[in-house]
Enquirer: 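There's a structure below that I have some questions on.
Remember, it's a predicted structure, so these values are computed and weren't measured experimentally.
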Amino acid sequence: MIPRQEFPKPQFERENWRNLNGQWQFEFDFGSSNPGEYHKPENSLSKVITVPFCPESSLSGIGYKDFMRTVWYKKKINISEEQLSGRVLIFFGAVDYRATLWVNGREAGTHEGGYVTFGFDITSLLVPGENDITLRADDDNRSGRQPRGKQSPYTGSAGCEYTRTTGIWQTVWLEFVPKIYISRVRTDTDYRTGCVTFSSEIAGGDPAGMTLSAAVSYKGEKVAEVSVGAAVTNVFSVTIPEPKLWDAGKPELYDVTFSLGEDTVRSYFGIRGVELKNGAIYLNGRPVFQRLVLDQGFYPDGIYTAPDDEAFVKDIRLSLDAGFNGARLHQKIFEERFLYHADKMGYLVWEEHANWGLDYSAPAAVHDFLPEWIEAVERDYNHPCIVGWCPFNETWDYCGRAQDPRLLRTTYLVTKALDKTRPVIDTSGNFHVVTDIYDIHEYDQDIESIRRKYDDTKVGERLFDGWSSRQHYAGQPIFVSEYGGTWWSPGKEGGWGYGKAPEKETEAVDRICSITEYFLKNKNFCAVCYTQLYDVEQEQNGIYTYERKPKFSPESYARIKAAFDTVAGIEENS
């Protein structure tokens, strides 16, 4: 059975596609030397791997967890004459880190970056009948030249860094399209007027004389339609009568079908607006306190890759059941399927890159980081669940060298140029350079100590994190983007969490609830993010276990949910 059979890009879906997951040939290349000239179609590889699972995972069938500098993949595919009459595109959901593709022994393209989708038009390299697809992946997460997130740079998992992911870790697929086809559509909405603007790009040739159309429906009923004469780039709008707004817990979505000649793409969008004012984050014109949880996107059997599509739904449901209304997706750019389910479930999301491992002090860091971050923002721009961007997390000094503030400033400005509709946090925690929201990390486990720090009604007028020489508060809304981390792992030896581990369950729950209720009621704050949704390997501070099993009694979960359901200070009288 082919794993992960669902279409990987639900906001840009075609019917004529082929899933290439399943068994591929596989080979280690520890010296990065291509000793067997693996890219040649007549040569085979000695092992078998199950794609899209990384070779470190048990689901891949390999389960090798030490460093792999280079790995190779190979698969034979059949292509018909009819399919070659149009164009054949190949896509990789993600390959960590540098990927080179050969088709029938000829190089088809390269991509650098371990977290976002990329693809190539391979039509001219294919022949009718059997074809050889070979991929090389190079991954050196100790170089300081590539973002690795929470992937461990050590021999094994340690502290808050976990099992690595090498090579292919998301779905591989083909799309069969006409010679001239729709390559991208960006969707902008205005919640006040119901105006929806589409910005499209056409690839493969000049579409002069062709018609591009968009048909919008709501729950199966057509509500708007527009057609324009096609150009290589197009901007056109429709107005939705009596628009239904996408909101936290109220996921109103519209379906839209784009057509250009024989090419048809199915998509969807949500109408909503995010604004910052009065020290709060507003959603559709009202302050909404963001009750978020830290989600690291790790799985016991798939590492970076969810074992199935239902796993995304389960994680969101577990979060909602515990009282959260969204998540900070931490140190990893998640699969688009997760964002799709967040869209469908009315779940708020902050997207973050996997910046750990990058040397923030080096001038080259902007070249190593920014191109993939741009790809991520462009890939995920249309998802209504995303309410903010956070390219960096905790940019502590690298090997004793201070971060280059130009890296953060440039990334912030580029993100704002790409997206003027969402707030941007330059780096979560330390050290801020220029940011729309001032966020802090607070792992104090003592509620009285926290009160002494934050009871001041003018807390925003002083810098409360002790780094006044490195950053300065300038009146932004304040977000406690990491807190809690209460260490609770009954029946388990070893592991770690923040602070001294409670001696009994009621003590753990008291700690979680008292701190949460305090931050929600304090009008200085517009959002919180609790660490974390589930344990990850040796880090034992989740609301659930790594296997997504309960850690607390039903009564304790009811108390935790009630704490997060507390009416926040900024929501009073709204």
Enquirer: To the closest 0.5 Å, what do you measure between CD1 (I90) and CZ (F118)?
Expert: 9.0 Å
Enquirer: Looking only at side chains, do T545 and K551 share a donor and an acceptor under 3.5 Å apart?
Expert: no
Enquirer: Within the 3.5 Å criterion, strictly below it, is a donor on D140 or Y97 matched to an acceptor on the partner's side chain?
Expert: no
Enquirer: Can the ring centroids of Y115 and Y304 be said to lie less than 6.0 angstrom from one another?
Expert: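 Centroid distance Y115-Y304: below 6.0 Å, so yes.
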Enquirer: Do you know which two heavy atoms are closest between S32 and R69, and how far apart they sit?
Expert: OG-CG, 3.0 Å
Enquirer: If you take all heavy atoms of I133 and I122, which pair is closest and at what distance?
Expert: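 Answer, listing the atom of I133 first, then I122: CD1-CD1, 4.4 Å.
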Enquirer: Can you confirm whether F338 sits close enough to I316 that some side-chain heavy atom of one is under 4.5 Å from a side-chain heavy atom of the other?
Expert: yes
Enquirer: Are there more than 12 heavy atoms of other residues, nucleotides or ligands under 6.0 Å from atom CZ of R145?
Expert: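 Open.
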Enquirer: When you check the gap from the basic side-chain N to the acidic O, do K74 and E27 get nearer than 4.0 Å?
Expert: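 Between E27 and K74 there is no salt bridge, as every charged N stays at least 4.0 Å from the carboxylate O atoms.
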Enquirer: With no hydrogens and no angle check, just 3.5 Å: does a side-chain donor-acceptor pair link T427 and E394?
Expert: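 Per modelled atom types, T427 and E394 side chains form no pair under 3.5 Å.
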Enquirer: List the atom pairs, with distances to 0.1 Å, where a side-chain N or O of residues 355-365 and a protein N or O form a donor-acceptor pair under 3.5 Å, not counting sequence neighbours.
Expert:
residue	atom	partner	partner atom	Å
N355	OD1	Q331	NE2	2.6
N355	OD1	N393	N	2.8
N355	ND2	Y360	OH	2.7
N355	ND2	N393	O	3.1
W356	NE1	N393	O	3.1
D359	OD1	S361	N	3.0
D359	OD1	S361	OG	2.5
D359	OD2	R401	NH2	2.8
Y360	OH	N355	O	3.4
S361	OG	R401	NE	3.0

Enquirer: Strictly distance-based, threshold 3.5 Å: is any side-chain N or O of Q476 a donor or acceptor partner for the main-chain N or O of A474?
Expert: yes
Enquirer: With no hydrogens and no angle check, just 3.5 Å: does a side-chain donor-acceptor pair link E375 and H111?
Expert: yes
Enquirer: Is the shortest side-chain heavy-atom distance between D419 and Y381 below 4.5 Å?
Expert: yes
Enquirer: Give the C-alpha distance, both sets of side-chain angles, the deciding distance and a yes or no for side chain to side chain contact (heavy atoms under 4.5 Å, CB included) between Y454 and F519.
Expert: CA-CA 9 Å; Y454 301 115; F519 281 137; 3.9 Å; yes
Enquirer: Using every non-hydrogen atom in the two residues, find where V434 and R409 come nearest and quote the distance to one decimal.
Expert: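 Taking V434 first and R409 second, the nearest heavy atoms are CG1-CA, 4.0 Å.
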Enquirer: Mind listing the closest non-hydrogen atom pair of V480 and E442 along with its distance?
Expert: CG1-CB, 4.4 Å
Enquirer: Look at the side chain of T110 and the backbone N and O of A99, then say whether any donor-acceptor pair between them is shorter than 3.5 Å.
Expert: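 Side chain of T110 to backbone of A99: no pair is present.
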Enquirer: What about Y530 and Y483, are their ring centers closer than 6.0 Å?
Expert: yes
Enquirer: Give a yes or no answer on whether the side chain of D295 reaches the backbone of A327 with a donor-acceptor pair at less than 3.5 Å.
Expert: no
Enquirer: Any side-chain donor paired with an acceptor under 3.5 Å for T165 and D96?
Expert: no
Enquirer: Between D343 (side chain) and N382 (backbone), is there a donor-acceptor pair under 3.5 Å?
Expert: no
Enquirer: If only side-chain N and O atoms count, and only distance matters, is there a donor-acceptor pair under 3.5 Å linking Q532 with Q296?
Expert: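 Yes, a side-chain donor-acceptor pair sits under 3.5 Å.
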Enquirer: Tell me yes or no: between the side chains of W373 and T415, is some donor less than 3.5 Å from an acceptor?
Expert: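 Indeed, the side chains of W373 and T415 share at least one donor-acceptor pair under 3.5 Å.
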Enquirer: Could you tell me whether the side chain of K332 and the main chain of G297 form a donor-acceptor pair under 3.5 Å?
Expert: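 Between the backbone of G297 and the side chain of K332 there is a qualifying donor-acceptor contact (under 3.5 Å).
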Enquirer: What are the two closest heavy atoms between S152 and A158, and how far apart are they?
Expert: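 Distance-wise, the nearest heavy atoms are OG-N, 4.5 Å.
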Enquirer: Would you indicate whether the side-chain heavy atoms of R548 and K314 approach each other to under 4.5 Å?
Expert: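 Yes; the side chains approach each other to less than 4.5 Å.
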Enquirer: So, the side chain of R4 versus the backbone of I2: is there a donor-acceptor pair under 3.5 Å, distance only?
Expert: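 Not confirmed, R4 side chain does not pair with I2 backbone.
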Enquirer: Is the ring centre of Y498 less than 6.0 Å from the ring centre of W487?
Expert: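 Centroid separation for Y498 and W487: 6.0 Å or greater.
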Enquirer: Could you tell me whether the side chains of E539 and Y162 share a donor-acceptor contact shorter than 3.5 Å?
Expert: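 On atom types as modelled, these side chains qualify, holding a pair under 3.5 Å.
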Enquirer: Would a line drawn from the ring center of Y347 to the ring center of F324 be shorter than 6.0 Å?
Expert: no
Enquirer: Using modelled atom types and a 3.5 Å cut-off, is there a donor and acceptor pairing between side-chain atoms of E351 and backbone atoms of C390?
Expert: no
Enquirer: If I compare all heavy atoms of N19 with all of P3, which pair ends up nearest, and what's the gap?
Expert: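 Nearest heavy atoms, N19 then P3: ND2-O, 4.4 Å.
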Enquirer: Going through the checks in order, is the side chain to side chain contact (heavy atoms under 4.5 Å, CB included) test met by F369 and T411?
Expert: CA-CA 9 Å; F369 182 86; T411 303; 3.8 Å; yes
Enquirer: Just checking, is any N or O donor in the side chain of E537 or S157 under 3.5 Å from an acceptor N or O on the other one?
Expert: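 Per modelled atom types, E537 and S157 side chains form a pair under 3.5 Å.
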Enquirer: Ring centroid separation for Y438 and F479, is it under 6.0 angstrom?
Expert: no
Enquirer: Contact between R98 and R136 at the side-chain level, heavy atoms closer than 4.5 Å - yes or no?
Expert: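 The answer is no; the side chains never approach within 4.5 Å.
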Enquirer: Please examine the side chains of L370 and T410, heavy atoms only from C-beta on, and report whether any two atoms are closer than 4.5 Å.
Expert: yes
Enquirer: Are F312 and F334 near enough that their ring centres are under 6.0 Å apart?
Expert: no
Enquirer: Just do the side chain to side chain contact (heavy atoms under 4.5 Å, CB included) check on I515 and I450 with the steps written out, would you?
Expert: CA-CA 8 Å; I515 297 173; I450 287 175; 3.7 Å; yes
Enquirer: Just checking, is any N or O donor in the side chain of S428 or E352 under 3.5 Å from an acceptor N or O on the other one?
Expert: no
Enquirer: Can we call the ring centroids of F28 and W72 under 6.0 Å apart?
Expert: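 When the ring centroids of F28 and W72 are compared, they turn out to be at least 6.0 Å apart.
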Enquirer: OH of Y154: more than 12 outside heavy atoms within 6.0 angstrom?
Expert: no
Enquirer: Would you mind reporting whether Q540 and W496 have side-chain heavy atoms less than 4.5 Å apart?
Expert: no
Enquirer: Quick test of your reading: applying side-chain hydrogen bond (donor to acceptor under 3.5 Å, both in side chains), list the pairs with at least one residue in residues 53-65, sequence neighbours left out, ordered by first then second residue.
Expert: E56-T166
Enquirer: Are H39 and D132 close enough that a side-chain donor and a side-chain acceptor fall under 3.5 Å?
Expert: no
Enquirer: May I ask you to decide if N131's main-chain N or O and N104's side chain share a donor-acceptor pair within less than 3.5 Å?
Expert: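 The answer is no, because no donor-acceptor pair under 3.5 Å joins these two groups.
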Enquirer: Just checking Y546 against Y544, ring centres under 6.0 Å apart?
Expert: no
Enquirer: Is the ring pair Y73/W24 parallel, tilted or perpendicular, if the boundaries are 30 and 60 degrees?
Expert: perpendicular
Enquirer: Indicate whether the side chain of Q403 and that of N430 have a donor and an acceptor atom separated by less than 3.5 Å.
Expert: no
Enquirer: Passes side chain to side chain contact (heavy atoms under 4.5 Å, CB included), T171 versus F91? Steps please.
Expert: CA-CA 8 Å; T171 292; F91 292 96; over 6 Å; no
Enquirer: Under 4.0 Å between a side-chain nitrogen and a carboxylate oxygen: does that hold for E336 and K9?
Expert: yes
Enquirer: Quick check on Q23: does its CD atom have over 12 non-hydrogen neighbours (other residues, nucleotides or ligands) under 6.0 Å away?
Expert: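 At most 12 heavy atoms, drawn from other residues, nucleotides or ligands, come within 6.0 Å of this atom.
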Enquirer: Have H341 and D309 got a donor and an acceptor in their side chains that come within less than 3.5 Å?
Expert: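 Indeed, the side chains of H341 and D309 share at least one donor-acceptor pair under 3.5 Å.
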Enquirer: Within the 4.5 Å heavy-atom criterion, are H432 and H472 side-chain neighbours or not?
Expert: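 H432 does not reach H472 side chain to side chain.
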Enquirer: Determine whether a donor-acceptor pair (N or O, by modelled atom type, separation under 3.5 Å) exists between the side chain of D436 and the backbone of V424.
Expert: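 Looks like yes, one N/O pair under 3.5 Å.
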Enquirer: So, D29 versus T70: side-chain donor-acceptor pair below 3.5 Å or not?
Expert: no
Enquirer: I'd like to check V387 versus I281 (side-chain heavy atoms, cut-off strictly below 4.5 Å). Are they in contact?
Expert: no
